[in-house]
Amino acid sequence: MFVRITALLIFAVSAPAMALQLRETGRYELNQPASLDYDPTFCGLWIANEGPEAILVTLQGDELRRISSDLFRIKAIAIEGDHLLVGDGFGSLQRVTKEGTALGTPFELEGGFADTEGIAINAKGQIVTVEDDPERLSWFTSEGALTARLDTMKLSPPLSEAQGIAIDPRTGHMLIVDDWEGSNSLYEFTADGQLLAQQSLLEFGTDPEGIAIRPGSNQLFVAFDGGAKIVTFDYTPTLPEGSPPLPPGADCMIF
């Protein structure tokens, strides 16, 4: 199999022991993948495609189930404990079971309208969102109260069209993809929003929309709207100088 390996340009002040690396391991077609999250319970990916339903697929792309919500569409999706948190892309979220049963009515994130493209849950239980209109990285309580916000246009390089976000539970690092209208690249941040690295993804695909991490196998999934495909990578995060390689995280529970 043809394999491509790239290392990121690092913006951290101190030299890391290891820069973030991506090694492509495969790809498959999947229609309109907009937002991803990895589910160890099913060893699969939850995918939002901006329609009324979200789908659960195997890591090879075979459909396992579909769920819906009370939102008019599902633009963003994240695992939150043993259920799902879904968003419509306009600041409204709802919690649903993995069978699609509502766990409450939709609720609004504090701060007014925002084009919320991706959501993730960090180790503190906060909801972390990326928005491309206006361009922001935001932290909210589980109830939707705003706690912190970063203007991503003030970064160097700026992050203008953030789409998907994934958080590595081993490091707390956030991985965010910027789509074709931006830099068509991957950004890596610390848990508190310090930019560590940025790399073009053009050699792998165009218009990245979603991203998910499988920490148990150091695996990364990136959804590209251009060509409608999922690309899989072996993934090594950025680590501070002197740090040992990270041990694997929790992996598929069905095995």
Side-chain angles (χ1 to χ4, degrees), residues 30-42 44-57 63-150 152 161-167 169 172 174 176-177 179 191 193 209-213 221 223 225 253:
L30 195 67
N31 190 36
Q32 295 182 312
S35 177
L36 308 179
D37 205 358
Y38 170 70
D39 191 335
T41 301
F42 297 100
L45 293 173
W46 285 100
I47 300 178
N49 62 7
E50 301 187 51
E53 296 179 312
I55 63 172
L56 174 66
V57 301
E63 185 175 327
L64 295 174
R65 68 173 61 173
R66 291 174 177 257
I67 62 101
S68 61
S69 72
D70 295 325
L71 304 175
F72 82 100
R73 70 172 184 175
I74 299 178
K75 170 69 173 178
I77 192 165
I79 302 289
E80 186 182 43
D82 59 359
H83 58 265
L84 301 169
L85 182 66
V86 296
D88 63 5
F90 297 108
S92 292
L93 304 179
Q94 187 176 28
R95 293 180 170 93
V96 298
T97 69
K98 294 178 183 180
E99 290 75 36
T101 302
L103 294 175
T105 58
F107 64 97
E108 301 286 331
L109 295 174
E110 183 183 8
F113 170 82
D115 189 0
T116 304
E117 298 285 349
I119 55 178
I121 309 300
N122 67 15
K124 298 178 181 178
Q126 294 173 311
I127 302 169
V128 186
T129 70
V130 286
E131 303 146 17
D132 69 358
D133 184 19
E135 300 86 352
R136 302 182 301 207
L137 172 62
S138 304
W139 289 260
F140 301 87
T141 67
S142 60
E143 292 77 29
L146 180 66
T147 61
R149 176 162 278 165
L150 174 67
T152 58
E161 293 288 333
Q163 298 295 307
I165 178 173
I167 298 177
M174 299 179 290
I176 298 173
V177 288
D179 76 6
E209 295 283 339
I211 186 168
I213 297 172
F221 306 87
D225 198 26
M253 297 172 63

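This one's a predicted model, so the numbers in the text were calculated from it and none came from an experiment.
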Step-by-step side chain to side chain contact (heavy atoms under 4.5 Å, CB included) determination, Ser142 to Arg95: CA-CA 11 Å; Ser142 60; Arg95 293 180 170 93; 3.7 Å; yes

Heavy-atom pair with the smallest gap, counting every atom of Val96 and Ser68: CG1-O, 4.3 Å

Sidechain-backbone polar pair: Glu110 side chain, Leu146 backbone, donor-acceptor under 3.5 Å: yes

Distance-only polar pair, side chains of Ser92 and Glu108, donor-acceptor under 3.5 Å: yes

For Trp46, the option from Val57, Val86, Ile67, Ile74 that meets side-chain contact (heavy atoms from CB on, under 4.5 Å): Ile67

Steps toward side chain to side chain contact (heavy atoms under 4.5 Å, CB included) verdict (Asp88, Lys75): CA-CA 5 Å; Asp88 63 5; Lys75 170 69 173 178; 5.6 Å; no

Heavy-atom closest pair, residues Ala166 and Ala212: CB-CA, 4.0 Å

Exercise: identify the closest heavy-atom pair between Asp132 and Ala162: CB-O, 3.8 Å

Exam field: side chain Gln94 to backbone Asp70, donor-acceptor pair closer than 3.5 Å: yes

Least distance between heavy atoms, Gly89 atom then Arg73 atom: CA-NH2, 4.1 Å

Note, Leu84 side chain near Ile77 side chain (heavy atom, < 4.5 Å): yes

Worked check of side chain to side chain contact (heavy atoms under 4.5 Å, CB included) between Asp225 and Asp179: CA-CA 9 Å; Asp225 198 26; Asp179 76 6; over 6 Å; no

Minimum side-chain heavy-atom gap Lys124-Trp139 below 4.5 Å: no

Check: Ile79 main-chain N/O paired with Asp37 side-chain donor or acceptor under 3.5 Å: yes

Heavy-atom pair of closest approach, residues Leu93 and Gly87: CD2-CA, 3.5 Å

Exercise: identify the closest heavy-atom pair between Thr152 and Leu137: CG2-N, 3.8 Å

pair Phe107-Glu143: side-chain heavy atoms closer than 4.5 Å: no

Residues Lys98, Asp39; criterion side chain to side chain contact (heavy atoms under 4.5 Å, CB included); working and verdict: CA-CA 10 Å; Lys98 294 178 183 180; Asp39 191 335; 3.0 Å; yes

